[in-house]
Amino acid sequence: MADSATSNAAVAAPRATPRHVAIIMDGNGRWAKARHLPRAAGHRKGMEAVRAVVKAAGKAGVEYLTLFGFSSENWKRPEDEVKDLMGLLRLYLRKDAHDLHRQGVRLKVIGDRARLAPDIQEQLAEVEAMTAANAALTLVIAISYGGRDELVRAARALAREAAAGTLDPEAIDEAAVSARLFTDGIPDPDLLVRTSGEQRISNFLLWQSAYTEFVFVDTLWPDFDRDAFAAALDAFGRRERRYGAVV
Ligand code: FPP
């Protein structure tokens with residue numbers, strides 16, 4: 001594991017650039033509504049913001065960028081909207097995979113892939129395999145992802161191993177839980193940004209964000225560009241992280 005929750009529980013000097021930035025991309029619908037456009041138009045514009053932020057993150061020296069693309073709760077949206085979002089994901093994987101590869105981006109998807117259409121599962125596996133050795137930036141896309149679902153799965157995995165006698169329950173520590181999450185091997189996010197003025201975590205990276213700095217901005221996701229990203233990094237740079245300690 002790269003960084004366990006335990007190893008993060010120490011006082012860290014402020015870092016100019018966060019190593020891992022996570023983003024809840026919110027406000028596509030409101031962006032479209034304000035322009036009397038269908039919600040799908042907001043999601044399409046949101047995809048352009050994804051492209052801009054991936055580039056900006058790479059340039060800024062961010063090592064991991066995690067984007068909340070589709071939550072486990074988003075399946076409850078109208079069928080047409082789910083179709084639109086899945087269509088955009090297909091398009092992104094088809095159109096942008098080679099660009100990402102050229103930029104040295106490694107793609108990793110977290111979430112319940114089994115709920116995705118088989119062709120999307122295949123595409124994801126292909127792009128992950130193609131970009132696996134890239135090292136400039138790891139782009140983690142959370143799709144059909146829920147933080148509680150992830151923790152339930154980890155609990156089940158631990159229980160299974162304990163029942164099989166391959167794991168001593170007393171030996172279960174924070175690192176053991178971390179290692180059974182979708183994010184195994186990925187350091188915890190230093191900075192979590194949520195756009196569109198909402199100030200909640202919405203079941204995103206619940207375990208991983210124990211010591212994360214939160215930055216909430218009013219900008220709607222489709223308007224979030226490289227300047228907005230740079231401003232969020234600046235806000236992070238001004239925070240003092242204590243991890244519960246007195247300094
Ligand atoms: C939230 O806006 C956004 C989403 C549920 C989906 C995010 C998807 C994209 C940015 C497009 C494609 C992304 C990838 C990774 C290919 P909302 O619809 O909840 O907006 P609202 O709160 O204003 O209604």
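Counting starts at 1 for both ligands and their atoms, in listed order. Reckoned from all heavy atoms, side chains included, excluding hydrogens, waters and symmetry mates. Everything quoted here is computed from the prediction, not taken from an experiment. Residues: numbered from 1 along the sequence shown.
- Here the protein heavy atom with the shortest distance to atom 13 (C) of ligand 1 is Val50 CG2, 4.1 Å.
- Glu150 places a side-chain heavy atom less than 4.5 Å from the side chain of Tyr145.
- Comment: Arg30 engages Asp26 in a salt bridge, judged by a side-chain N to carboxylate O separation of less than 4.0 angstrom.
- Of all protein heavy atoms, the one lying nearest to atom 7 (C) of ligand 1 is Gly69 O, 3.6 Å.
- In terms of polar-atom proximity, Gly29 is counted as a contact of ligand 1, with an N or O under 3.5 Å from an N or O of the ligand.
- Geometrically, ligand 1 and Arg30 share a nitrogen or oxygen pair separated by less than 3.5 Å.
- The minimum heavy-atom distance linking Leu158 with Ala176 is given by the pair CD2-O, 4.2 Å.
- On a distance-only criterion, Asp26 and ligand 1 share at least one N/O pair closer than 3.5 Å.
- Side-chain contact check for Asn203 versus Ser71: every heavy-atom pair is 4.5 Å or farther apart.
- Side-chain contact between Tyr64 and Arg19 is present, with at least one heavy-atom pair separated by less than 4.5 Å.
- Not a single heavy atom of Arg44 sits less than 4.0 Å from an atom of ligand 1.
- The ligand atoms of ligand 1 that sit less than 4.0 angstrom from a heavy atom of Arg39 are 17 (P), 18 (O), 24 (O).
- Atom 11 (C) of ligand 1 has as its closest protein heavy atom His43 O, 3.5 Å.
- Nearest to atom 3 (C) of ligand 1 among the protein's heavy atoms is Met25 O, 3.1 Å.
- Here Phe70 has no heavy atoms under 4.0 Å from ligand 1, in either its backbone or its side chain.
- Nearest heavy-atom pair, Lys45 versus Pro222, reported as atom, atom and distance to 0.1 Å: CG-CB, 3.5 Å.
- Ion pairing of Asp149 with Arg153 is present here, as a side-chain N (NZ or NE/NH1/NH2) and a carboxylate O approach within less than 4.0 Å.
- For ligand 1, none of its N or O atoms has an N or O atom of Trp221 under 3.5 Å away.
- Contacts between Glu198 and ligand 1 below 4.0 angstrom, taking non-hydrogen atoms only, are absent altogether.
- Of the polar atoms of Asn74, none of the N or O atoms is found under 3.5 Å from an N or O of ligand 1, judged by distance alone.
- In terms of heavy atoms, Gln199 sits closest to Phe216 at CA-CE2, 3.5 Å.
- The only option from Arg106, Arg113, Lys108 that meets the salt bridge (Lys or Arg N to Asp or Glu O under 4.0 Å) definition with Glu128 turns out to be Arg113.
- What sits closest to atom 9 (C) of ligand 1 on the protein, heavy atoms only, is Asn28 ND2, 3.7 Å.
- The side chain of Arg77, and not its backbone, has at least one atom closer than 4.0 Å to an atom of ligand 1 (non-hydrogen atoms only; side chain from C-beta on).
- When each of Arg90, Lys55, Arg51 is tested with Asp96 by the rule salt bridge (Lys or Arg N to Asp or Glu O under 4.0 Å), just one qualifies, namely Arg51.
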